[in-house]
Q: 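Before anything else, here's the structure in question.
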Amino acid sequence: MDKNHRPQSEHTDAILDIRRQKQVLKFVAATTLIFFVPIGINNILIGETMLGALLLTFEITLLLDVTAIVYKRKGFFGHTLPLILLVSSIILAIHIFGTLATYWVFPIIISVVFLLPSKLALSANVTLLVGCTLAAFPHQHIASTSRYAFSLLATAVIAHVIVQAIKRLQKELRYLSERDSMTGALNRHELQNYLDHVTTSYSTSSVAVIDIDKFKNINDQYGHDVGDKVIKQVVGILYRHMDESDLLFRLGGDEFLLLFPNKDQVEAKNAMMYISQNVRQSEYPEGATVTISSGIAEFLATESTENWVKRADLALYQSKHNGRDKVSLFNGPIPSYKQKETSRFLT
């Protein structure tokens, strides 16, 4: 898990989130069930057994896959088998029935682009374009086939361009929703998701709650513009000396939380001492003196994530009480559930 990686298992190449994907897949399954099953049965009855069998097999695999995704979030076959069956069916239908079957290709091209990962959709549409054009050629004049191929190409290109533009916009919006606009650190609204993820994915993890010492004095003495530059510079130091797996959150103002997946409190303390040293030794605008205090807590299997962060926050107060520019491990009594103590950062 790197600094930009989301803990959720959602496909990052998808336009829709999991809930909406399920809704669309249910609609697609119902629509194909209404149209493809009767067509498949009819083809078997008129002697086109291969085409009928392909259509019915496609429908069966699609229904099984959609059911598995809706209830288990993971399909039986993935995208490949139903897609191969669908593409083979439409090319064979055009080969058998000619122009009458060519109109089905347009909605299929568009649906493939919107529902499947980009590379798989592109491969499927290239196969459809070439296969359907070749299958239609014996049934049409060359001019008609050329116009048909061009219209398929235009439909596919337009669909791919529009979907890619939507995905880029979604990526930008997702970044803005997850990140603090000034520092680029993850915002506190994302914190709970990541904490839940690391507690279920690793045997041990630690957090450090970080505060820039006497930051109000920096703002009062040098102005808020210098204060903003100091925050950005401290964040830059944090990022330069974090491991790839570590995650930085801005909790508000000059407070941050550094999440150390798969690190115990000793490893986290060593990392924070090194970071604190680099913060202390750096040069800042207007010659400001900048140090940070931090409190560290290692996750305990018997506690909630709220208590975990609460313990790190209490350790931060120990660092401040001991003169600031300190790194402290939590060594007090563990907050009790009965006391209903919750972190001020997780609300």
Side-chain angles (χ1 to χ4, degrees), residues 3-4 172-173 175-195 206-243 246-260 268-297 306 308-330 332 341-347:
K3 291 189 280 287
N4 296 314
E172 292 172 3
L173 293 174
Y175 181 88
L176 291 174
S177 69
E178 294 174 355
R179 300 277 169 170
D180 171 60
S181 58
M182 185 175 81
T183 65
L186 292 159
N187 61 46
R188 63 187 298 172
H189 303 296
E190 294 295 306
L191 179 57
Q192 186 66 64
N193 288 337
Y194 282 94
L195 292 175
S206 300
V207 294
V209 178
I210 304 164
D211 184 75
I212 300 176
D213 294 325
K214 298 182 179 180
F215 183 71
K216 184 178 182 301
N217 292 346
I218 295 174
N219 276 335
D220 292 343
Q221 184 174 353
Y222 303 110
H224 289 275
D225 56 337
V226 173
D228 289 347
K229 291 178 182 178
V230 167
I231 288 178
K232 293 178 182 178
Q233 190 168 340
V234 170
V235 169
I237 294 169
L238 284 162
Y239 271 122
R240 283 196 299 274
H241 300 291
M242 288 163 48
D243 288 343
D246 301 338
L247 293 156
L248 181 66
F249 300 81
R250 189 181 186 187
L251 303 176
D254 61 317
E255 292 183 303
F256 296 86
L257 183 144
L258 187 50
L259 176 57
F260 298 96
K269 182 178 181 180
N270 290 337
M272 282 310 308
M273 290 179 68
Y274 181 68
I275 289 172
S276 296
Q277 178 183 348
N278 280 274
V279 170
R280 187 188 316 116
Q281 294 176 348
S282 296
E283 295 182 359
Y284 297 90
E286 304 295 333
T289 300
V290 179
T291 59
I292 59 174
S293 296
S294 57
I296 295 171
E306 288 83 2
W308 179 22
V309 176
K310 176 70 175 180
R311 292 191 296 112
D313 196 25
L314 293 173
L316 171 62
Y317 284 116
Q318 293 173 13
S319 292
K320 291 181 178 181
H321 180 73
N322 292 332
R324 295 184 172 86
D325 193 18
K326 298 288 191 300
V327 179
S328 300
L329 299 177
F330 177 81
E341 294 191 65
T342 58
S343 166
R344 59 196 172 102
F345 307 123
L346 298 176
T347 56

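Computed over heavy atoms, backbone and side chain alike; hydrogens, waters and symmetry mates excluded.
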Q: Roughly how far apart are Leu247 CG and Leu258 CG, rounded to 0.5 Å?
A: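 Going from CG on Leu247 over to CG on Leu258, the span is 8.0 Å.
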Q: Taking all atoms of both residues into account, what is the closest heavy-atom pair of Asn322 and Lys326, and its distance?
A: O-NZ, 3.7 Å
Q: Taking all non-hydrogen atoms of both residues, which atom of Leu191 and which atom of Phe249 are closest, and how far apart?
A: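 Looks like CA-CE2, 3.7 Å.
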Q: Enumerate donor-acceptor pairs with a distance under 3.5 Å from any side-chain N or O in residues 225-232 to protein atoms, sequence neighbours excluded.
A:
none

Q: Answer yes or no: is there a donor N or O on one side and an acceptor on the other, between the side chain of Asn193 and the main chain of Glu190, under 3.5 Å?
A: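 Not a single qualifying donor-acceptor pair exists.
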Q: What do you reckon, is CD of Gln281 surrounded by more than 12 foreign heavy atoms closer than 6.0 Å?
A: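 Yes.
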Q: Mind checking whether Arg179 and Leu186 have side chains closer than 4.5 Å, heavy atoms only?
A: yes
Q: Working to the nearest 0.5 Å, report the span between CD of Glu255 and CG of Asp211.
A: 5.0 Å
Q: Taking distance alone, no hydrogens or angles, what donor-acceptor pairs closer than 3.5 Å link side-chain atoms of residues 284-297 to residues at least two apart or in another chain?
A:
residue: Tyr284; atom: OH; partner: Val279; partner atom: O; Å: 2.6
residue: Thr291; atom: OG1; partner: Asp213; partner atom: OD2; Å: 2.6
residue: Ser293; atom: OG; partner: Asp213; partner atom: OD1; Å: 2.5
residue: Ser293; atom: OG; partner: Asp213; partner atom: OD2; Å: 3.3
residue: Ser293; atom: OG; partner: Asp325; partner atom: N; Å: 3.0

Q: Please tabulate, for the side chains in residues 269-278, all donor-acceptor contacts under 3.5 angstrom to protein atoms that are two or more places apart in sequence or on a different chain.
A:
residue: Asn270; atom: ND2; partner: Val266; partner atom: O; Å: 3.4
residue: Ser276; atom: OG; partner: Met272; partner atom: O; Å: 2.8
residue: Asn278; atom: OD1; partner: His241; partner atom: NE2; Å: 3.4
residue: Asn278; atom: ND2; partner: Tyr274; partner atom: O; Å: 2.8

Q: How close do Val309 and Leu195 get, counting heavy atoms only, and between which atoms?
A: CG2-CD1, 3.7 Å
Q: Supply the atom-to-atom distance Thr183 OG1 to Gln233 CD, rounded to the nearest 0.5 angstrom.
A: 14.0 Å
Q: Mind checking whether Lys214 and Ile218 have side chains closer than 4.5 Å, heavy atoms only?
A: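 No, too far: nothing below the 4.5 Å cut-off.
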Q: Do Val234 and Asp254 touch side chain to side chain, with heavy atoms closer than 4.5 Å?
A: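 Not touching, per the 4.5 Å side-chain cut-off.
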Q: Please name the pair of heavy atoms, one in Gln192 and one in Glu306, separated by the smallest distance, quoted to 0.1 Å.
A: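 Here Gln192 and Glu306 meet closest at OE1-OE2, 3.7 Å.
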Q: Once rounded to the nearest 0.5 Å, what's the spacing between atom CG of Asp313 and atom CD of Gln318?
A: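 Going from CG on Asp313 over to CD on Gln318, the span is 10.5 Å.
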Q: Atom NE2 in His189, atom CG in Asp180: separation rounded to 0.5 Å?
A: 10.0 Å
Q: If you round to the nearest 0.5 Å, how far is CZ of Phe256 from CD1 of Ile212?
A: 5.5 Å
